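So the structure is just underneath, and the comments pick up after that.
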Amino acid sequence: MSAPVANPCPVETVAWVGKLPGHCRLIEQTRLPLETVFLDVHDVAGMVDAIYRLAVRGAPAIGVAAAYGVVLGVQGEERRSPADLLTHLEKVCATLAAARPTAVNLFWALQRMRRHGEALGARGLGSKALIDGLYAEACAIHREDADQCRRMGAFGAELIRDGMTLLTHCNAGALATGGMGTALAPMYTARAQGKTIAVFADETRPLLQGARLTAWELSQAGIPVTVITDGMAGRVLSEGRIDAVFVGSDRIARNGDVCNKIGTYTVAVLANRHKVPFYVVAPLSTFDPETADGSGIPIEERPAAEVAEGFGRRTVPAGVKVYNPAFDVTPHELVTAIITEHGTIDRPDTARVEALLRRAGVLAGVA
Ligand code: MRU
């Protein structure tokens, strides 16, 4: 066994400060790459705001932040009876769930926190022990996420050969998770294995997660990265510059349809046209086995101003309509493989996704 690959990100995306009572510290991603500043979040409303504004973003990081958000909501509530505390927990989870609709990791983490609270309540624990138990569960979600990133990195690195040039969209790195990332983890791992790689990062309109965040974290890690605007991906692929595409996901339906940042579908179609493998890297917490296919995935629509006056400058005539869906769905037929912490699903379809989820114990009780 080789030594685990260290997280190359110089800052912690999500951290809990202190024990109980404590608070959550996030890197304020809306200010990157110009400023590296932190945001201390002390209550549930602050966490909902941070998630909505994309101060913390990326599906797994949203899940970790939401779990800590639950702790922010229950800490200091020892005087409630255990039954009352559990009712309060429900309300806290419902408030956090309204922050953003698409990344299923948010709902996955909240469900895990709620179920854990209920299990502790059923054992007759008092309110203090319940709160301590919820804090421990949030820390476990964070720890496990970091471990899953390492495992996805190891599986994904097997697909990367020395000298390859990779294309990625949005940011699915350390800034999007509690560890070293999903789509970027294989790159970090390949690099640690001594392979030379280069990366093209789509700028990712309208909020520029590729230009601002992926380029920032890859260059910090010493991986050569070239930013292109989203519309240039076709040109770059047609020039034969790209050996493989690696992206993350916000929600994967039971048939393997992949929801990810707007523009991912375009890249998948282009990759298919140019016979370049299109890999999706995501932990099992990103799978939504209750949604049969991509048509059932809720797509967040964000304010028109993000398109019309991005970063403080109006670029669309006043009064002109703008449509701003934040995500799209790539049909599973266009996906070469999905890389998870439990291994790789080649050419995903319902049977193959179900087989992996059963093997991992996720489908017990759902199928
Ligand atoms: O709107 P964002 O920045 O939260 O969107 C993030 C993405 O689309 C990522 O690709 C996805 O969450 C996977 S992150 C490991």
Side-chain angles (χ1 to χ4, degrees), residues 7 9 13-14 26-30 32 50-66 99-109 145-146 148-153 156 167-188 201-218 230 245-252 258-268 278-288 297-303 306-307 310 324-330 335 338-341:
N7 186 341
C9 194
T13 301
V14 185
L26 306 170
I27 178 161
E28 174 50 272
Q29 299 198 30
T30 62
L32 284 170
I51 293 172
Y52 178 70
R53 286 190 305 104
L54 275 60
V56 60
R57 32 81 35 217
I62 291 173
V64 174
R100 290 186 79 186
T102 302
V104 78
N105 307 60
L106 170 63
F107 310 100
W108 171 89
D145 188 57
Q148 287 153 10
C149 290
R150 276 190 290 272
R151 287 156 63 186
M152 288 183 282
L167 172 66
T168 191
H169 189 78
C170 194
N171 172 264
L175 291 169
T177 65
M180 67 168 155
T182 59
L184 300 196
M187 303 179 192
Y188 292 133
D202 285 339
E203 168 186 58
T204 315
R205 283 275 293 153
L207 296 182
L208 309 189
Q209 289 93 330
R212 294 188 302 108
L213 308 177
T214 298
W216 182 79
E217 69 165 275
L218 286 176
D230 299 356
V245 178
F246 281 78
V247 296
S249 174
D250 289 85
R251 197 187 284 233
I252 298 174
V258 170
C259 178
N260 191 46
K261 177 53 54 194
I262 191 76
T264 303
Y265 172 44
T266 318
V267 177
F278 181 87
Y279 297 119
V280 176
V281 190
L284 295 192
S285 53
T286 299
F287 283 73
D288 178 5
I297 297 176
I299 302 292
E300 177 181 17
E301 247 189 80
R302 293 193 59 92
E306 289 181 355
V307 173
N324 185 17
F327 298 95
D328 60 26
V329 174
T330 297
V335 177
I338 302 176
I339 296 141
T340 79
E341 72 273 30

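Atoms considered below: every heavy atom in the structure, side chains included; atoms not considered: hydrogens, waters and symmetry mates. Order of listing sets the numbers, starting from 1, for every ligand and every atom in it. Quick caveat: nothing in here was measured; it's all calculated off a predicted structure.
Checking R57, K261, Q29, M152 against atom 1 (O) of ligand 1, the nearest heavy atom belongs to K261.
The main-chain N or O of A282 is never found under 3.5 Å from a side-chain atom of S249 such that the two would form a donor-acceptor pair. No donor-acceptor pair under 3.5 Å is formed between the side chain of K261 and the backbone N or O of H169.
Using modelled atom types and a 3.5 Å distance limit, the side chains of E301 and N324 yield no donor-acceptor pair. No side-chain donor-acceptor contact under 3.5 Å links E300 and Y52. Donor-acceptor pairing under 3.5 Å is lacking for the side chains of D250 and T102.
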Test log, rule side-chain hydrogen bond (donor to acceptor under 3.5 Å, both in side chains), inputs Q209 and R57: CA-CA 10 Å; Q209 289 93 330; R57 32 81 35 217; over 6 Å; no
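Residue contacts with ligand 1 include R100, since one of its heavy atoms falls under 4.0 Å from the ligand. The closest approach between any non-hydrogen atom of A326 and ligand 1 is not below 4.0 Å.
If you number the atoms of ligand 1 from 1 as listed, the ones under 4.0 Å from a heavy atom of A59 come out as 12 (O), 14 (S). Of all atoms in ligand 1, numbered sequentially from 1 with element shown, those under 4.0 Å from a heavy atom of Q209 are 1 (O), 2 (P), 3 (O). Taking a cut-off of under 4.0 Å to the non-hydrogen atoms of D250, the atoms of ligand 1 that pass are 7 (C), 8 (O), 9 (C), 11 (C), 12 (O).
Taking only nitrogen or oxygen atoms, main chain and side chain alike, T182 does not reach within less than 3.5 Å of ligand 1. Note: no N/O pair closer than 3.5 Å links T177 and ligand 1 by distance alone. Residue A176 has no nitrogen or oxygen atom sitting less than 3.5 Å from a nitrogen or oxygen atom of ligand 1, judged on distance alone. Considering both main-chain and side-chain atoms, A172 never comes within under 3.5 Å of ligand 1 through any nitrogen or oxygen pair.
Contacts with ligand 1 closer than 4.0 Å are made by side-chain heavy atoms of C170 only, the backbone lying farther away. In P60, the part holding a heavy atom less than 4.0 Å from any atom of ligand 1 is the side chain. Only the backbone of N171 comes within contact range of ligand 1, with a heavy atom under 4.0 Å; no side-chain atom does.
When hydrogens are left out, the protein atom nearest atom 9 (C) of ligand 1 is N260 OD1, 3.4 Å; that is the closest non-hydrogen contact.
Within the 4.5 Å cutoff, the side chain of T264 has no heavy atoms near those of the C170 side chain. Side-chain contact between L175 and W216 is present, with heavy atoms from C-beta onward closer than 4.5 Å.
Distance check, rounded to the nearest 0.5 Å: CZ of F327 to CZ of R251 gives 10.0 Å.
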